[in-house]
Amino acid sequence: MPHVFPEPAREELRPSDPSEARAVQDRLAPRVRTEPLDPGGVRLVAGLDVSYGATELVAAAAVLDAATLEVVAQATVRAAPSFPYVPGLLAFRELPPLLTVLERLDVEPDVYVCDGYGLAHPRRFGLACHLGVLLDRPVLGVAKTAFVGRCAEPGPARGSAADLVDGGEVVGRCLRVQDGVKPVYVSVGHRVDLDSACALVLRLSPRYRICEPIRRADRLSRRELAATPDGKHP
DNA sequence: GCGACAG
DNA sequence: ATCTTGTCGC
């Protein structure tokens, strides 16, 4: 069983209120490390996503071979939300089930891709940073809409990008992964740098706006949710 | 005070 | 995130 990580302190995953949650982020944020990620060392990439039903959620992980983009492992977990959705505190809602899903994988991913932000966060500690610090493994975040910061409009061609700036610092990059298609927002989670993260996201997005690992995880979580009694909204 | 606000 | 109809394009 490749997945063995230290049991996070209770409050690091399940704070009793938003105030305590923000304090946890402020305390863990200094642990984030930004460093180059060797492309040659990336063989397995895990995409993570969560789908919501009336009373439950389904977290999913899809591990792809970085060279072929074929799925080599996947897992899901059904659970009850343990924290409400609060802008800036997404990690406390999705991290618990995501960690459980990762424990169920029978392979060890080289890098993880989250559906959300990393450093492009009010306290510089979004979901991707939180997961990265807890696992102490490379993690990056890819979001579909802006949350914090401003950026120029990237050129129309695939590969064009513009820095996402907030409070005077570059917290991420607005990246066009398909010609003429709305860009995505990439930010560092942990143990990767912006250039490495953007290069990887481009490699992982050969055809669609949403990179393959997350597309597969999204599809997987939706399918699992739909296969449930009250898997749909009222 | 007001608006905006990842998923 | 989810709900929600038709429409445009490959």
Side-chain angles (χ1 to χ4, degrees), chain A residues 13 18-19 21-22 24-25 28-29 32 47-62 76-99 101 112-133 139-151 164-167 171-175 177-190 194 197 201 206-211 213-234:
Chain A
L13 280 181
S19 177
R22 295 187 184 93
V24 169
Q25 295 180 324
L28 297 181
V32 173
L48 281 33
D49 194 31
V50 180
S51 287
Y52 298 85
T55 62
E56 60 183 3
L57 58 76
V58 172
T76 61
V77 63
R78 184 180 303 285
S82 59
F83 200 84
Y85 169 68
V86 179
L89 303 180
L90 179 65
F92 298 97
R93 184 172 173 73
E94 306 201 334
L95 223 38
L98 285 177
L99 288 174
V101 148
Y112 299 76
V113 181
C114 287
D115 190 348
Y117 285 116
L119 292 177
H121 177 277
R123 286 167 293 285
R124 306 293 181 262
F125 200 69
L127 174 64
C129 293
H130 208 141
L131 177 64
V133 166
V139 181
L140 62 93
V142 184
K144 299 177 286 298
T145 62
F147 183 27
V148 297
R150 299 192 342 89
C151 68
L164 220 203
V165 181
D166 182 53
V171 297
R173 201 121 80 199
C174 181
L175 177 67
V177 297
Q178 298 302 328
D179 291 346
V181 174
K182 189 204 295 189
V184 296
Y185 300 82
V186 179
S187 61
V188 169
H190 188 56
L194 248 190
V201 170
R207 183 174 166 80
Y208 304 104
R209 177 182 182 236
I210 304 305
C211 64
I214 289 182
R215 283 189 73 243
R216 304 307 291 250
D218 178 73
R219 198 199 284 189
L220 182 59
S221 62
R222 287 173 193 265
R223 181 175 66 62
E224 182 56 32
L225 184 64
T228 308
D230 80 339
K232 287 177 296 210
H233 271 282

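Every value quoted in this text rests on a predicted model; they were computed, and no experiment measured them. A note on names: the letters A, B, ... follow the listed sequences, proteins ahead of strands, and every chain is numbered from 1.
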ask   = Given atom CD of A/E56 and atom P of C/dA1, what is their separation to the nearest angstrom?
value = 17 Å
request  = For A/G141, answer base if it contacts any base atom (sugar-phosphate contacts may also be present), sugar-phosphate if it contacts only those atoms, and nothing otherwise; contact means non-hydrogen atoms under 4.0 Å.
outcome  = nothing
inquiry  = Whole angstroms only, please: what is the CG-P distance between A/L98 and B/dA6?
reply    = 18 Å
message = Check the orientation of A/Y117 and A/Y185. Use parallel for under 30°, tilted for 30 to 60°, and perpendicular for over 60°.
response = perpendicular
request  = Taking only Lys NZ, Arg NE, NH1 and NH2, and the carboxylate oxygens of Asp or Glu, determine whether A/R222 and A/D49 approach each other closer than 4.0 Å.
outcome  = no
Give every pair of a protein N or O atom and an N or O atom of nucleotides 8-10 of chain C that lie under 3.5 Å apart, one pair per line with the distance.
none

query = Rounded to the Å, how far apart are A/R93 CZ and B/dG7 C1'?
reply = 8 Å
Whether A/R93 side chain and A/F83 backbone form a donor-acceptor pair below 3.5 Å = yes
query = Can you find a side chain N or O atom of A/Y52 that sits less than 4.0 Å from OP1 or OP2 on B/dG7?
reply = no
message = Measure NE2/A/H121 against C1'/B/dC5 and give the value in whole Å, please.
response = 11 Å
query = At under 4.0 Å, does any side-chain N or O of A/R222 touch on OP1 or OP2 of C/dT2?
reply = yes
Nucleotide B/dA6, atom P - distance to CZ of A/R124 in whole Å = 15 Å
request  = Could you check whether A/L127 gets within reach of a base, just the sugar-phosphate, or nothing at all, counting any heavy atom under 4.0 Å?
outcome  = base
request  = Just call it for A/A146: base, sugar-phosphate, or nothing, with non-hydrogen atoms closer than 4.0 Å on any strand.
outcome  = sugar-phosphate
note = In this structure, NE2 of A/H190 is separated from CG of A/L119 (nearest 0.5 Å) by 10.5 Å
key: Heavy atoms of other groups near A/R209 CZ, more than 12 under 6.0 Å   = yes
inquiry  = Between A/Y85 and A/E94, is there a side-chain donor-acceptor contact under 3.5 Å, judged purely by atom types and distance?
reply    = no
A/D166 side, atom CG; A/F147 side, atom CZ - distance, nearest 0.5 Å = 10.0 Å
task = Could you state the atom-to-atom distance from OH of A/Y117 to P of B/dC5 in whole Å?
result = 11 Å
ask   = Is any side-chain N or O of A/T145 closer than 4.0 Å to OP1 or OP2 of B/dG7?
value = yes
key: Distance, rounded to the nearest Å, where A/I214 contributes CD1 and B/dA6 contributes C1'   = 11 Å
inquiry  = With the criterion set at under 5.5 Å between ring centres and under 30 degrees between planes, would B/dG7 be stacked on A/Y85?
reply    = yes
message = Within the 4.0 Å heavy-atom criterion, would you say A/L89 contacts the bases, only the backbone, or no part of the nucleic acid?
response = base
key: Side-chain N,O (A/K144) to OP1/OP2 (B/dA6) below 4.0 Å   = no
Whole-Å gap separating P (B/dC5) and CG (A/D166) = 13 Å
